[in-house]
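Reviewing the structure listed below.
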There are 2 protein chains.
Amino acid sequence: MSARQQLPEACTTALGDALQPDLFKALCDPVRISIVANLAARAEAATVSEIADCCGIDFSGVSRHLKILRDASVLLSQRDGRQVLYSLDAGSLAATLRGIADALEMCEQQAAG
Amino acid sequence: MSARQQLPEACTTALGDALQPDLFKALCDPVRISIVANLAARAEAATVSEIADCCGIDFSGVSRHLKILRDASVLLSQRDGRQVLYSLDAGSLAATLRGIADALEMCEQQAAG
DNA sequence: GATATACTTGCATCCACATGCAAATAAATA
DNA sequence: TATTTATTTGCATGTGGATGCAAGTATATC
C-alpha cells in the first residue's frame, strides 16, 4: 500500500480531528455568540453578572452558557473571591479555526492531486 | 470622538459579521460534519444517494442536511440530469474560518492596546 | 456563627430540530 | 404518454437544548 493511497484516509482523519462537534455546538447559539463577541471586546475578564447584563436572559442561563463555552475550551474561568471571572481565549480559538482551515485545504489538494 | 474610542465597537461589529450563527448551526450536527469530511476527501462532487451511503440515515434526511449546508454556503450544488451534485467549497469555508480567526485576534489586540 | 453576595444546579416547560415514512416534483427513458 | 430513477418536501414523532424560577453551594463580611 503506497503513501499515495493512504492520503484520502489521512485527510479525513485530520479533518475529523479538526472538526470537533463540541466546538461548533458551543458556537451555534446566538446568546453564546454574543457572549464571545462581548468578551472579545474587553481587555479584562468579566464576571457572570457583568456578562449577563448584555444577554437579556436570566443570569442562571448565562452561567450555563459560560460552562458550555468553557468546556469547549473557548473560554477560561478563574474564581476570584465570590465571583468567577470568565475570559476569552482568543488566541486558542483562532488557532483552532485556522487548523480547520488548513485541514480543509490539505484535503482539497490531496483529493485533486 | 477619537478613533481610539471607536475601536471596541468596530471590533465587535467585525466579529459580529464574522461569527455568523448560520455557519455554526450548519456545522454543529455530527451527520453534517461527516458529510463535510466525506466531501472533502473526494476529488469530485457527489450525488445525494452517494453521500447518503456514508451517513446511516434515510436519504431524505441527508437531502435536508445538504440543503442546510448549502444555505450556509458550505456546499455548492448543481443539477445534472436527474441527480444533484453536491461539492464542498473548501476554499470559501477555509477563508471564512480564517476571517473569524483574524477578527478575534484583532479584537484581542485592540482591547489590550 | 449568621447574613449577604455571587454563582451553580435541579426541576419543569417550551421550542427547535433530527428522523423516518410517504407523497410530490424533476428528469430521463421506454 | 407512461414508467423509472433521483431528489425534495409534507407530516408526525421523538429527543435535545434553552429558559426561568427556586434551591443549593461557595466565599466574604458582620
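Chain A is the first sequence line, chain B the second, and so forth, proteins listed ahead of strands; every chain is numbered from 1. Small disclaimer: the values here were computed from a predicted structure and weren't measured.
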Grab the CD1-P distance between B:Ile51 and D:dA6 for me, whole Å please.
-> 14 Å
D:dA6 C1' sits how many Å from B:Leu66 CG, rounded?
-> 13 Å
How long is the span from the CG atom in A:Leu69 to the OH atom in A:Tyr86, to the nearest 0.5 Å?
-> 9.5 Å
When rounded to the nearest 0.5 angstrom, what is the spacing between SG in A:Cys107 and CG in A:Asp102?
-> 11.5 Å
Between A:His65 and D:dG17, is there a side-chain N or O to OP1/OP2 distance below 4.0 Å?
-> no
Measure from CZ on B:Phe24 to P on D:dG17 and round the result to the nearest Å.
-> 18 Å
Length of the CG-P vector between A:Asp80 and C:dC7, whole Å | 10 Å
Start at the 5' end of DNA chain C and walk down; is the nucleotide closest to B:Arg79 or to B:Lys25 reached first?
-> B:Lys25
CG-CG distance between A:Leu93 and A:Asp89, expressed to the nearest 0.5 angstrom | 8.0 Å
Would you classify B:Gly61 as touching base, sugar-phosphate or nothing, given that sugar-phosphate means primed atoms plus P, OP1 and OP2, and contacts are heavy atoms under 4.0 Å?
-> nothing
Smallest heavy-atom separation, A:Arg70 atom then A:Ser77 atom, equals CD-OG, 3.0 Å
When B:Ala46 and A:Arg82 are each assigned the nearest nucleotide of DNA chain D, the 5'-most assignment goes to B:Ala46
Rounded to whole angstroms, how far apart are CG on A:Asp29 and P on D:dG16?
-> 18 Å
Do any side-chain nitrogens or oxygens of B:Tyr86 fall under 4.0 Å of OP1 or OP2 in D:dA6?
-> no
Single-linkage hydrophobic cluster A:Ile35~A:Ile33, side-chain heavy atoms < 4.5 angstrom = yes
Between C:dT8 atom C1' and A:Asp58 atom CG, what is the distance in whole Å?
-> 12 Å
Going by modelled atom types, is there a donor-acceptor pair between the base of D:dG17 and the side chain of A:Arg64 at under 3.5 Å?
-> no
Give B:Ser60 one of three labels, base, sugar-phosphate or nothing, depending on what nucleic acid heavy atoms sit under 4.0 Å from its own.
-> base
Nearest-angstrom distance from the residue atom CZ of B:Phe59 to C1' of D:dA6 | 8 Å
Spacing of A:Ile35 atom CD1 relative to D:dA18 atom P, expressed in whole Å = 11 Å
